[in-house]
Amino acid sequence: MPGSAAAPNANVALRLAEAFARHGVTTTFGQSLPSAFHLAAPHAGISQTVYRQENMGGTMADGYARISRKVGVVTAQNGPAATLLVPPLAEAMKASVPVIALVQEVNRDTADRNAFQELDHIRLFDAVAKFVRRIDRADRLEDYVDMAFTAATSGRPGPAVLLLPADLLLEKAAAASERRAVLGHFPLDRTLADPARIAEAAALLARAKRPLIIAGGGVHLSGAAAELAALQQDAHLPVATTFMGKGGVDENHPLSLGVVGNTMGLGARTHDLKPMVEQADVVLLVGNRTNQNGTDSWTLYPRTARFIHIDPDPAEIGRNYEALRLVGDAKLTLAALREAMLAQDLAARADARPRVEAEIARAVAGWRALIAGVISRGGGPVRPERVAAEIDKRLPADGIMVADASYSSNWINIYMTAKRAGQRFLSPRGLAGLGWGVPLAIGAQVAAPDARVVCLCGDGGFGHSWAELETLRRLQVPVTVVVLNNGILGFQKHAEDTKYGDHTVACDFAEVDHAAIARACGIAGVRVERGEDLGAALDAAFASGKPNLIEVITDPDGKPPLTMYQGHYPEPF
């Protein structure tokens with residue numbers, strides 16, 4: 001390991017960097033402070049990936065963790081900078097993503113004296129982190145670092161925070177640690193659900209008349225896509241996913257429904273498959289939070305069904321649906337469940353398979369016929385369905401699709417196809433905060449520098465992250481950002497009109513030239529105003545191998561097929 005016990009100027013900051021390097025950290029997302037740490041980190045083999053604002057930096061660390069399967073690390077100054085970490089850590093907490101924040105504290109001898117930018121960071125982070133500790137003694141540094149990584153990567157993953165007094169980092173350090181534990185990958189500890197319950201679950205699924213798997217984001221957190229695909233194929237089980245579970249299975253597989261939840265109105269791939277969900281008699285939930293959007297406000301899942309739930313967090317099982325409890329890692333438990341099912345008589349499953357496949361195929365074919373016109377419509381303003389479809393044509397199976405919150409997440413989940421089990425579609429679905437698409441994409445690209453990473457965001461969300469275009473230029477990571485410019489806060493405006501018959505004045509924007517902003521930041525920026533011009537713009541951006549922004553002037557009447565909109569607006573088909 002770089003760094004040495006014999007170094008005459010070794011300080012606590014260097015020992016901290018060495019401890020993080022031991023856990024597999026190779027880069028941290030940071031601006032400047034804690035400066036002592038960032039200056040020492042290169043000596044331990046850790047680079048610094050910059051950001052402009054802490055809210056964005058925390059989200060970059062989140063995107064990095066989701067793709068690298070390593071802990072994402074973000075750093076921040078005390079006080080106002082630290083407060084800006086609260087939103088991304090809250091997202092990571094809800095979405096179960098392991099992120100560690102290193103936050104500078106005031107000098108120890110100035111604590112509780114109204115020092116400059118002093119704040120009670122422990123109370124600040126208490127609700128948005130699994131673990132928050134201040135390191136006051138150099139001889140406890142390794143203990144707290146290991147505890148932070150253990151908290152972040154074990155059980156249900158999530159964020160941890162280490163608070164670092166500035167004067168502590170400059171103390172002369174003791175000898176380098178001899179610890180060898182590596183705790184920076186997740187899941188840290190894979191546990192298998194009770195074998196007796198796995199056998200019970202296998203029997204239930206084998207005997208079911210209309211079984212269904214609904215896979216959530218836990219499939220990706222566990223790296224269990226291959227195991228889910230094997231269970232789907234060998235046990236003849238249809239699989240749907242939540243938003244965060246998209247990519248957990250190949251959506252071209254004849255037993256794959258697509259994304260289910262509150263986006264199953266007319267125009268959704270799964271619109272005609274709603275009865276398959278509503279009439280299921282045994283439902284296997286895998287890493288699924290059974291949250292409001294994923295269950296269409298808890299109206300979609302059948303109340304009369306028998307539920308089986310795989311999750312590493314015991315508290316999630318039975319939260320909204322009483323279930324057979326398979327508490328454990330999805331990868332191990334799905335593999336064991338497959339073996340248990342192969343020991344069952346699967347004749348009924350095999351006999352039912354052609355009927356189930358035909359039902360799915362009819363629904364998907366009907367959907368493709370319905371949307372054919374809207375995804376190829378020329379002229380302008382451009383339909384957002386076409387934007388998603390044009391990206392889908394060009395995104396390879398190993399590509400990474402990222403979306404901002406709100407409508408952007410809906411467009412990629414409905415109008416793009418997971419081409420293999422394990423393909424990643426990232427969106428902020430823990431708290432679903434606007435503005436996080438671009439930083440998620442930057443973090444994903446840093447984690448996978450050779451992958452094609454595309455970010456779709458609306459003009460409302462993109463307004464939160466304009467400054468990170470300069471970050472894209474500095475880092476030269478080849479993210480292609482596609483901005484849907486409809487001049488409004490679409491979801492807010494349409495939802496308010498649906499609920500109240502009117503909308504607030506905040507929903508309509510003044511005109512902004514986002515492509516010009518990109519060019520001013522030194523990256524390529526083009527504006528597309530007609531649907532037929534979009535393909536060429538995407539091809540040019542991808543061929544450049546550089547960061548690009550494509551602003552698409554889109555139809556302000558374009559709205560995803562949310563079930564809440566049914567009957568309120570004319571359809572575009």
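Because only heavy atoms are used, hydrogens play no part in the values below, and waters and symmetry mates are left out as well, while side chains stay in.
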Closest non-hydrogen atom pair, Gly30 against Tyr51: CA-CE2, 3.3 Å
Derivation of the side chain to side chain contact (heavy atoms under 4.5 Å, CB included) call for Leu456 and Trp411: CA-CA 9 Å; Leu456 185 71; Trp411 296 128; 4.1 Å; yes
Short side-chain to backbone donor-acceptor contact, Asp533 and Val528, under 3.5 Å: no
Side-chain donor/acceptor of Glu18 to backbone N/O of His43, under 3.5 Å: no
Between Thr27 and Thr49, a side-chain donor and acceptor under 3.5 Å: yes
Check: Gly379 main-chain N/O paired with Glu532 side-chain donor or acceptor under 3.5 Å: yes
Close side-chain approach of Arg289 and Thr242, heavy atoms under 4.5 Å: no
Within-4.5 Å side-chain heavy-atom neighbours: Asn55 and Pro87: yes
Test side chain to side chain contact (heavy atoms under 4.5 Å, CB included) applied to His38 and Thr75, step by step: CA-CA 9 Å; His38 284 301; Thr75 69; 2.7 Å; yes
Heavy-atom side-chain proximity of Thr83 to Leu124 below 4.5 angstrom: yes
From NE2 (His121) to CD (Gln104), nearest 0.5 Å: 9.5 Å
Pair Thr471, Arg52: side-chain N/O donor-acceptor within cut-off below 3.5 Å: no
Side chains of Glu496 and Thr504, donor plus acceptor under 3.5 Å: yes
Heavy-atom pair of closest approach, residues Ser544 and Asn548: OG-ND2, 2.8 Å
Residues Asp539 and Arg394 bridged, charged N to O under 4.0 Å: yes
Within the 6.0 Å centroid threshold, strictly below: Phe425 and Phe243: no
Sub-4.5 Å side-chain heavy-atom contact between Asn262 and Ser297: no
Closest approach of Ile46 to Ala21 (non-hydrogen atoms, all atoms of both residues): CD1-N, 3.8 Å
Enclosure of Asp109 CG (heavy-atom neighbours >12, cutoff 6.0 Å): yes
Salt bridge flag under 4.0 Å for residues Glu470 and Arg473: no
Derivation and outcome, side chain to side chain contact (heavy atoms under 4.5 Å, CB included), residues Trp436 and His464: CA-CA 8 Å; Trp436 289 339; His464 292 254; over 6 Å; no
Any Phe149 side-chain heavy atom under 4.5 Å of Val25 side chain: yes
Donor-acceptor under 3.5 Å (Lys94 side chain, Ala432 main chain): no
Step-by-step side chain to side chain contact (heavy atoms under 4.5 Å, CB included) determination, Leu14 to Asn11: CA-CA 5 Å; Leu14 177 61; Asn11 58 18; 3.7 Å; yes
Qualifying residue for side-chain contact (heavy atoms from CB on, under 4.5 Å) with Val145, from Leu183, Thr150, Leu16: Leu16
Residue pair Asn486 / Asp459, side-chain heavy-atom distance below 4.5 Å: yes
Closest approach of Ala268 to Ile414 (non-hydrogen atoms, all atoms of both residues): CA-CG2, 3.8 Å
Side-chain donor or acceptor of Ser408 paired with backbone N/O of Gly458 under 3.5 Å: yes
Side-chain donor or acceptor of Glu118 paired with backbone N/O of Asn114 under 3.5 Å: yes
Heavy-atom pair with the smallest gap, counting every atom of Ala129 and Val161: CB-CG2, 3.9 Å
Lys130 side chain vs Ser154 backbone, donor-acceptor pair below 3.5 Å: yes
Rounded distance (nearest 0.5 Å) linking atom OG1 of Thr480 with atom CD1 of Ile550: 6.0 Å
Minimum side-chain heavy-atom gap Met56-Val438 below 4.5 Å: no
Step-by-step salt bridge (Lys or Arg N to Asp or Glu O under 4.0 Å) determination, Lys419 to Asp392: CA-CA 10 Å; Lys419 301 177 177 70; Asp392 194 42; 3.0 Å; yes
Test item: Lys559 side-chain N/O and Asp557 main-chain N/O as donor-acceptor pair under 3.5 Å: yes
Short N-O contact, Lys246 and Glu251, less than 4.0 angstrom: yes
Check: Arg386 side chain, Arg377 main-chain N or O, donor-acceptor pair, under 3.5 Å: yes
Heavy-atom side-chain contact between Leu440 and Pro428 under 4.5 Å: yes
Taking every non-hydrogen atom, the tightest pair across Arg66 and Arg424: O-NH1, 2.9 Å
Distance-only polar pair, side chains of Asn410 and Thr263, donor-acceptor under 3.5 Å: no
Aromatic ring pairing Phe491/Tyr565, orientation class (parallel under 30°, perpendicular over 60°, tilted between): perpendicular
